[in-house]
Engineer: 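Sharing a structure with you now.
Heavy-atom basis, side chains included; hydrogens, waters and symmetry copies ignored.
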There are 2 protein chains.
Amino acid sequence: MYYRTMVTLLPVIDAAACCAPLAREPLTQPQADDLARSLKALADPARLRLLSIIAASEGSEACVCDLTEPLNIGQPTVSHHLRVLTEAGFVTRSKRGTWAYYKLVPGALDALSRVLVSA
Amino acid sequence: MYYRTMVTLLPVIDAAACCAPLAREPLTQPQADDLARSLKALADPARLRLLSIIAASEGSEACVCDLTEPLNIGQPTVSHHLRVLTEAGFVTRSKRGTWAYYKLVPGALDALSRVLVSA
DNA sequence: CGACTATATCGATGGTTGTCAATGTACTAT
DNA sequence: ATAGTACATTGACAACCATCGATATAGTCG
């Protein structure tokens with residue numbers, strides 16, 4: 001359905017745009033749920049490493065073939081983590097030929113960063 | 001032991017001070033582990049609400065008695081979440097009489113925020 | 001002392017999650 | 001067409017986690 005699509009497209013930015021910084025005023029339950037979902041997507045060592053490799057790559061984009069080797073986990077597990085990051089709105093996927101490229105969503109991390117800042 | 005004590009005192013700030021922003025260069029495995037541990041402590045709706053209530057309170061400090069009611073969870077669960085936040089270095093506990101007060105650790109959220117920012 | 005209050009800890013339980021091996025899909029090249 | 005490569009999906013399993021009821025600890029007030 002349409003709403004579901006929107007949610008899966010921009011959840012991080014939605015979660016971050018929803019509200020003032022954490023320290024400004026108490027979060028409502030829905031706000032806390034959204035924010036927790038975004039943070040949970042980030043709260044895994046493998047996903048953090050994947051994201052940092054993608055972000056530090058040329059054009060903030062990396063091929064899966066360059067992501068499978070550096071981490072010490074199997075290829076299906078890498079695929080799983082990339083899916084989680086995609087559904088959370090941190091990266092987007094584009095297929096070119098046989099290869100799949102994952103690209104950082106501009107502003108996604110920044111939006112989350114702004115929610116955590118206290119000032 | 002001494003090292004363990006240090007780690008449990010300032011883990012968030014350690015994790016954040018360790019390295020350049022996520023997007024600058026790939027995280028090493030230990031860096032990713034530390035950062036994931038901090039994020040995991042935050043990645044729960046109940047803990048986010050607790051933290052936001054504490055942060056928005058007078059002096060960034062709140063009594064447990066004011067934290068048990070607003071959330072719809074039992075008192076032992078609140079106690080559990082406050083322990084997680086404490087061990088992660090986001091808050092500190094001080095007992096005054098019968099009451100326990102939890103206070104935001106200055107700079108803890110900001111340190112984490114800086115790791116996520118892209119610029 | 002004994003009753004009461006505030007908070008922490010314990011043990012159990014149901015749900016979630018990271019990981020893998022096996023398999024599926026889709027594209028490429030010979 | 002056949003084989004090979006790149007990646008995704010499925011199913012299973014073990015580890016982890018949020019929550020609760022029961023109980024323990026510790027402080028306060030009679």
Engineer: Is any side-chain nitrogen or oxygen of B/Y102 closer than 4.0 Å to OP1 or OP2 of C/dA8?
Structural biologist: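 Yes, within the criterion.
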Engineer: Given C/dT7, D/dA22, D/dT19, identify the nucleotide with an atom nearest to the side chain of B/A100.
Structural biologist: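 It is C/dT7.
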Engineer: Which atom pair, heavy atoms only, marks the closest approach of B/L50 to B/H81?
Structural biologist: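 Closest pair (atom of B/L50, atom of B/H81, distance): CD1-CB, 3.6 Å.
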Engineer: Round to a whole Å and report the spacing from CG of A/D33 to C1' of D/dA18.
Structural biologist: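 Nearest whole value for this atom pair: 13 Å.
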Engineer: By nearest atom, which of the nucleotides C/dG18, C/dA21, D/dG21 is closest to the B/P76 side chain?
Structural biologist: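 When the side chain of B/P76 is considered, D/dG21 is the closest of C/dG18, C/dA21, D/dG21.
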Engineer: Looking at D/dG27, D/dT19, C/dT19, which one has an atom nearest to any side-chain atom of B/I73?
Structural biologist: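 My answer, after comparing the listed nucleotides, is D/dT19.
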Engineer: Whole angstroms only, please: what is the CD-C1' distance between B/E87 and C/dT9?
Structural biologist: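 Interatomic distance, CD of B/E87 to C1' of C/dT9: 13 Å.
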Engineer: Rounded to whole angstrom units, what separation is found between the CG atom of B/L71 and the P atom of D/dA18?
Structural biologist: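 Value for this atom pair: 14 Å.
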Engineer: How long is the line joining CG of B/D66 and P of C/dA6, in whole Å?
Structural biologist: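 These atoms are roughly 11 Å apart.
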Engineer: Let me check something: do A/V84 and A/L39 share a hydrophobic cluster, defined by ILVMFWY side-chain heavy atoms less than 4.5 Å apart, either directly or through other members?
Structural biologist: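 Not linked; separate clusters.
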Engineer: Side chain of B/K40 only, please: which of D/dC17, C/dT7, D/dC20 is the nearest?
Structural biologist: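 It is D/dC17.
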Engineer: Examine distances only and state if a side-chain atom of A/T86 and a backbone atom of A/L82 form a donor-acceptor pair shorter than 3.5 Å.
Structural biologist: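 Between the backbone of A/L82 and the side chain of A/T86 there is a qualifying donor-acceptor contact (under 3.5 Å).
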Engineer: Is any side-chain nitrogen or oxygen of A/S79 closer than 4.0 Å to OP1 or OP2 of D/dA8?
Structural biologist: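 For D/dA8, OP1/OP2 do have a side-chain N/O of A/S79 under 4.0 Å.
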Engineer: Main chain of B/A43, side chain of A/K40: is a donor-acceptor contact present, judged purely on distance under 3.5 Å?
Structural biologist: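 Yes, because the side chain of A/K40 sits within donor-acceptor range (under 3.5 Å) of the backbone of B/A43.
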Engineer: Look at the side chain of A/T98 and decide which nucleotide, out of C/dT28, C/dG18, D/dT19, has an atom nearest to it.
Structural biologist: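 Looking only at side-chain atoms, A/T98 lies closest to C/dT28.
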Engineer: Look at the side chain of B/Q75 and the base of C/dA8, then say whether one donor and one acceptor between them are separated by less than 3.5 Å.
Structural biologist: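 Yes, the side chain and the base share a sub-3.5 Å donor-acceptor pair.
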Engineer: Between A/T68 (side chain only) and A/Q75 (backbone N and O only), is there a donor and an acceptor less than 3.5 Å apart?
Structural biologist: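 Judged by distance alone, no pair lies under 3.5 Å.
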Engineer: Please give, in whole Å, the distance from C/dT17 C1' to A/L82 CG?
Structural biologist: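 It works out to 16 Å between those atoms.
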Engineer: Counting N and O atoms only, with roles assigned by atom type, does the side chain of B/S57 sit under 3.5 Å from a partner on the main chain of B/I53, one being a donor and the other an acceptor?
Structural biologist: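 Yes, B/S57 side chain to B/I53 backbone: donor-acceptor pair under 3.5 Å.
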Engineer: For DNA chain D, determine which residues of residues 47-64 of chain A have any heavy atom closer than 4.0 angstrom to one of its atoms, and list them numerically.
Structural biologist: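 Residues of residues 47-64 of chain A under 4.0 Å from DNA chain D: A/C63, A/V64.
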Engineer: Side-chain N or O of B/R83 less than 4.0 angstrom from OP1 or OP2 on C/dT9?
Structural biologist: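 For B/R83, the contact criterion (side-chain N or O under 4.0 Å from OP1 or OP2 of C/dT9) is met.
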Engineer: What contact category does B/Y101 fall into here, base, sugar-phosphate, or nothing, at under 4.0 angstrom with non-hydrogen atoms?
Structural biologist: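 No contact.
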Engineer: Closest heavy-atom contact between A/I73 and A/A46?
Structural biologist: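 Scanning both residues completely, I find the closest heavy atoms to be CD1-CB, 4.0 Å.
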Engineer: Let me spell it out: for each of A/N72 and B/T68, pick the nucleotide of DNA chain C with the closest heavy atom. Which residue's pick is nearer the 5' end?
Structural biologist: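 First, find each residue's nearest nucleotide; the 5'-ward one identifies B/T68.
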Engineer: Over how many whole Å does the gap from A/K95 atom NZ to C/dT28 atom P extend?
Structural biologist: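 From A/K95 NZ to C/dT28 P: 9 Å.
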Engineer: If you look at every strand shown and take non-hydrogen atoms under 4.0 Å, does B/R93 touch a base, only sugar-phosphate, or nothing?
Structural biologist: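 Touches sugar-phosphate only.
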Engineer: Round to the nearest Å and state the distance from B/R96 atom CZ to C/dT7 atom P.
Structural biologist: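 Computing the B/R96:CZ to C/dT7:P distance gives 12 Å.
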Engineer: Distance to the ring centre below 6.0 angstrom and angle to the axis at most 45 degrees; does that hold for B/R96 and B/Y101?
Structural biologist: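 Cation-pi check for B/R96 and B/Y101: passes.
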Engineer: Atom CG of A/L85 and atom P of D/dC7: how far apart are they, to the nearest Å?
Structural biologist: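 The answer, rounded to whole Å, is 16 Å.
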Engineer: Among D/dT19, D/dC7, C/dT19, which is the nearest nucleotide to the side chain of B/H80?
Structural biologist: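 Closest of the options to the side chain of B/H80: D/dT19.
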